[in-house]
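In what follows, a single structure is set out as structure tokens and then discussed.
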Amino acid sequence: MNASLTANLNPQQAAAVELPAEHALILAGAGSGKTRVLTTRMAWLLSTGQVSPAGILAVTFTNKAAKEMLARMTAMLPLNPRGLWIGTFHGLCNRMLRLHHRDAGLPEQFAILDSQDQLSAIKRVLKLLNIDDERYPAKSCQHFINGNKEAGIRSAALQIWDEHSRVMKAVYEEYERQCQREGVVDFAELLLRCYELLNGNASLRAHYQQRFRHVLVDEFQDTNTLQYAWLKLLVGPESAMFAVGDDDQSIYAFRGANVGNMHDFQRDFAVKHVIRLEQNYRSHSNILTAANAVISCNRNRLGKQLWTDSEDGELLRVFEGLSDFDECEFVVGEVQALIRDGVPANDIAILYRSNAQSRVLEHGLFTAGVPYRVYGGLRFFERQEIKHALAYLRLIASPEDDNALLRVINFPTRGIGARTVDTLQENARLAGTSLWQVACSGGLGRSGAAVGKFVQLVEVMRTQTQGLPLPEVVAIMLELSGLTAHYRADKDGEDRLENLGELVTAAAAFIAEDENTIVAFLSHASLEAGDHQANAQQDAIQLMTVHAAKGLEFHSVFLTGLEEGLFPHENSMSDPKALEEERRLMYVAITRARRRLYLSLAQSRMLHGQTRYAPGSRFLGEIPPEVLRYLNRGYAPQTAYISKQETHTPSTPKAAPEHGLAIGMTVQHHRFGVGVVTDYEGGANGNVQVNFAEHGSKWLAVAYAKLQAVSN
DNA sequence: TATGCGCTTTTTTTT
DNA sequence: AAAGCGCATA
């Protein structure tokens with residue numbers, strides 16, 4: 001039986017699966033069968049009787065990954081999924097906090113704030129403290145609070161340096177108080193609270209350490225400081241931690257992920273088993289060659305070289321368009337050709353660095369009648385109509401939820417204006433109670449009647465839905481609240497109505513596999529905002545950012561917008577660390593392709609309403625020319641030589657131009673025609689690099705080239 | 001309370 | 001170019 005589990009694994013994979021119960025770090029390259037190893041490891045542990053399902057804790061970052069892991073496990077062994085602790089960091093912390101809410105200092109029915117809710121909660125704090133939100137924008141307070149929570153720092157521990165730090169500390173402090181008073185918890189709080197629960201409660205900690213003999217972590221390179229600290233508390237002297245990650249695919253440092261955790265893990269736990277999974281089963285060899293070459297330009301790596309025994313495959317196709325429209329036209333044409341050749345549409349992806357780039361592509365695909373699907377954007381549970389509906393549910397479950405009350409007290413409008421809400425908040429502040437309590441006690445003058453009716457409405461919703469199955473609760477709430485009527489009356493409300501209907505369906509689906517409580521459903525909504533997509537996937541090509549593509553693979557991939565300033569993004573170009581992250585992003589992008597990879601760029605592009613000119617991405621220049629095939633003439637990989645220089649010599653600040661030329665400027669040359677200035681060095685006696693439409697990119701001596709500016 | 005105009009601001013994103 | 005936001009007006 002054990003043999004059958006590892007039968008189809010390569011020696012490294014099998015070794016990883018069958019490691020003894022000791023700490024291990026698996027460095028798993030892109031497409032090397034990481035998830036397979038993780039799930040097989042668990043199945044092996046269970047089937048050899050080393051551990052019972054209750055003794056396993058497996059952590060992932062996304063619900064999708066958790067679901068996939070569970071699905072693959074149950075395919076290998078029949079299991080009751082309820083006994084297993086497989087989930088996201090947040091999901092597992094939520095589970096633990098619900099079980100020990102008293103020890104954690106939380107009400108049994110605590111609500112979870114998503115980022116939007118958190119932001120509005122912070123706005124209330126700013127208002128309460130009379131803080132100038134020009135100088136202290138809610139967004140930056142949110143960033144500050146989350147940053148500190150992820151570093152495990154409470155407001156009380158903050159040092160005051162100046163006025164700014166004093167205000168930030170005050171905001172954080174009041175925000176903590178407010179959340180505690182209202183019984184709500186934000187995402188970072190789920191982790192921090194759970195960390196503190198275990199840290200401050202030795203017997204509980206010992207209990208879980210005893211219980212979880214095997215702690216398995218997926219995408220370990222993406223863990224932040226707090227997540228790692230939480231793991232350290234859970235892993236006891238008799239537990240083994242099995243961490244799988246790829247430092248080369250760490251693309252979330254910008255939001256707090258700490259790749260250094262991989263290194264720290266080896267040191268903190270004296271890890272004896274480090275296994276590298278370097279054989280790639282996904283891509284043809286030329287694609288891997290490109291990926292390896294690019295990533296090898298990074299300095300800080302744990303070191304790993306992907307290889308494959310598959311054939312070379314095609315060369316990577318490079319297309320340089322004159323404009324973003326030109327690039328788009330090319331992409332659309334190739335997509336159509338691929339589909340004609342029988343590549344399934346959903347096995348084709350168009351990737352880009354930033355969401356704004358999707359617009360042109362969407363337009364092109366739409367015009368050409370190619371079915372496509374854009375990933376990202378607004379998620380189901382984040383839509384305003386859904387948030388409104390959830391707020392009513394939250395009020396039914398716990399009326400003291402001020403955030404929820406504020407959201408819907410006047411939606412649909414019922415004559416409770418900003419003034420009334422202000423008075424309500426002021427009275428609540430004075431009395432030190434919730435808005436709901438104040439609303440119940442009346443005494444609000446002219447608008448008191450409207451508030452009274454709202455209180456009644458919530459009461460009626462609660463009594464009428466008492467004890468009913470969740471989908472019915474949702475349906476009744478939608479009617480009584482007036483949400484359905486409101487969107488029915490709205491000429492543009494059709495989609496929203498449909499989504500509200502979908503919410504009832506979601507509730508039905510939820511009780512089919514989980515509990516029948518409103519609170520559980522609300523947690524589900526906060527923690528799995530993304531999973532519930534309203535429109536099912538048909539056979540359509542996929543458009544998404546490179547970030548969103550992580551973990552996915554496609555037969556053919558179009559990597560678009562390979563220009564300096566776009567990819568790498570301009571905000572990352574001055575910081576070497578950020579630049580390395582961009583390069584890892586490039587590595588992730590390249591390794592998404594199984595068979596065919598297109599690399600495309602445009603000489604000019606509409607960006608922020610302006611036409612911008614940028615030279616080709618340095619990353620393109622880091623790919624060995626032998627694996628590239630330039631589809632349109634004239635654009636040999638000159639960018640390579642510039643970027644090679646840039647990569648290997650410390651970047652020197654450019655001297656101020658004395659010749660009046662600037663990067664992006666269109667110029668005319670007597671022999672080479674029209675081109676765009678892409679670089680220069682030295683002053684009037686120096687050189688200038690011009691990318692000519694007809695003759696490609698050239699370095700010319702400024703003094704002799706006699707370039708003339710062309711206005712456009 | 002709703003609407004519309006002019007102003008600003010543009011990475012990446014899960015939970 | 002487009003979307004979000006604050007403020008003024010109907």
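So that the names make sense, note that chain A is the first sequence line, chain B the second, and so on, each numbered from 1.
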Please report, rounded to the nearest Å, how far the [atom2] atom of [N] is from the [atom1] atom of [X].
X: A:Arg612; N: B:dT10; atom1: CZ; atom2: C1'; value: 11 Å
X: A:Glu150; N: B:dT13; atom1: CD; atom2: P; value: 17 Å
X: A:Phe381; N: B:dT14; atom1: CZ; atom2: C1'; value: 16 Å
X: A:Asn355; N: B:dT12; atom1: CG; atom2: P; value: 5 Å
X: A:Gln142; N: B:dT14; atom1: CD; atom2: C1'; value: 13 Å
X: A:Tyr375; N: B:dT14; atom1: OH; atom2: P; value: 12 Å
X: A:Leu552; N: B:dT13; atom1: CG; atom2: P; value: 13 Å
X: A:Lys149; N: B:dT15; atom1: NZ; atom2: P; value: 19 Å

Sugar-phosphate, base or nothing in reach of [X], heavy atoms under 4.0 Å:
X: A:Phe254; result: base
X: A:Ser115; result: base
X: A:Arg353; result: base
X: A:Ala418; result: sugar-phosphate
X: A:Asp114; result: nothing
X: A:Tyr252; result: sugar-phosphate

Between [X] and [Y], does any side-chain donor sit less than 3.5 Å from a side-chain acceptor?
X: A:Gln118; Y: A:Asp186; answer: yes
X: A:Glu176; Y: A:Ser155; answer: yes
X: A:Glu385; Y: A:Asn499; answer: yes
X: A:Asn410; Y: A:Arg414; answer: no

Choosing from [options], which nucleotide comes nearest the side chain of [X]?
X: A:Glu382; options: B:dT13, B:dT15, B:dT1; answer: B:dT15
X: A:Met606; options: B:dT13, B:dT15, C:dA1; answer: C:dA1
X: A:Asn571; options: C:dA1, B:dT14, B:dT11; answer: B:dT11

Legend entry - Side-chain-base donor-acceptor pair under 3.5 Å for A:Thr545 and B:dT11: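 Check fails, no donor-acceptor contact within cut-off.
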Legend entry - 5' precedence on DNA chain B between A:Phe61 and A:Ile251 (nearest-nucleotide basis):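 Looking at the nearest nucleotide for each, A:Ile251 comes out on the 5' side.
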Legend entry - Earlier contact from the 5' end, DNA chain B, for A:Ser354 and A:Gly417: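 So the residue in question is A:Gly417.
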Legend entry - B:dT15 OP1/OP2 closer than 4.0 Å to side-chain N/O of A:Asn63: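 For B:dT15, OP1 or OP2 has a side-chain N or O of A:Asn63 closer than 4.0 Å.
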Inset, instruction - Classify the angle between the aromatic ring planes of A:Tyr487 and A:Phe411 as parallel (below 30°), tilted (30 to 60°) or perpendicular (above 60°). - result: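 Tilted.
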Legend entry - Verify stack between A:His569 ring and B:dT11 base, 5.5 Å, 30 degrees: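 So yes, this residue stacks on that base, both cut-offs being met.
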Legend entry - Centroid distance under 5.5 Å and plane angle under 30°, A:His608 vs B:dT9: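 Not stacked by the 5.5 Å and 30° rule.
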Inset, instruction - Answer with yes or no after comparing the ring centroid distance for A:His569 and A:Phe254 against a 6.0 Å cut-off, counting only values under it. - result: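 No, they do not, as the ring centres are separated by 6.0 Å or more.
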Inset, instruction - Report the residues that fulfil side-chain hydrogen bond (donor to acceptor under 3.5 Å, both in side chains) with A:Glu68, sequence neighbours left out, ordered by chain and then residue number. - result: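 Listed in chain order: A:Arg72.
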Inset, instruction - Pull out every residue in residues 219-228 of chain A that has a heavy atom closer than 4.0 Å to any atom of DNA chain B, ordered by number, or say none. - result: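 None, since no heavy atom is under 4.0 Å.
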Legend entry - Validation row: A:Glu189, A:Val184 side chains within 4.5 angstrom (heavy atoms):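 Side chain of A:Glu189 against side chain of A:Val184, heavy atoms only: no contact under 4.5 Å found.
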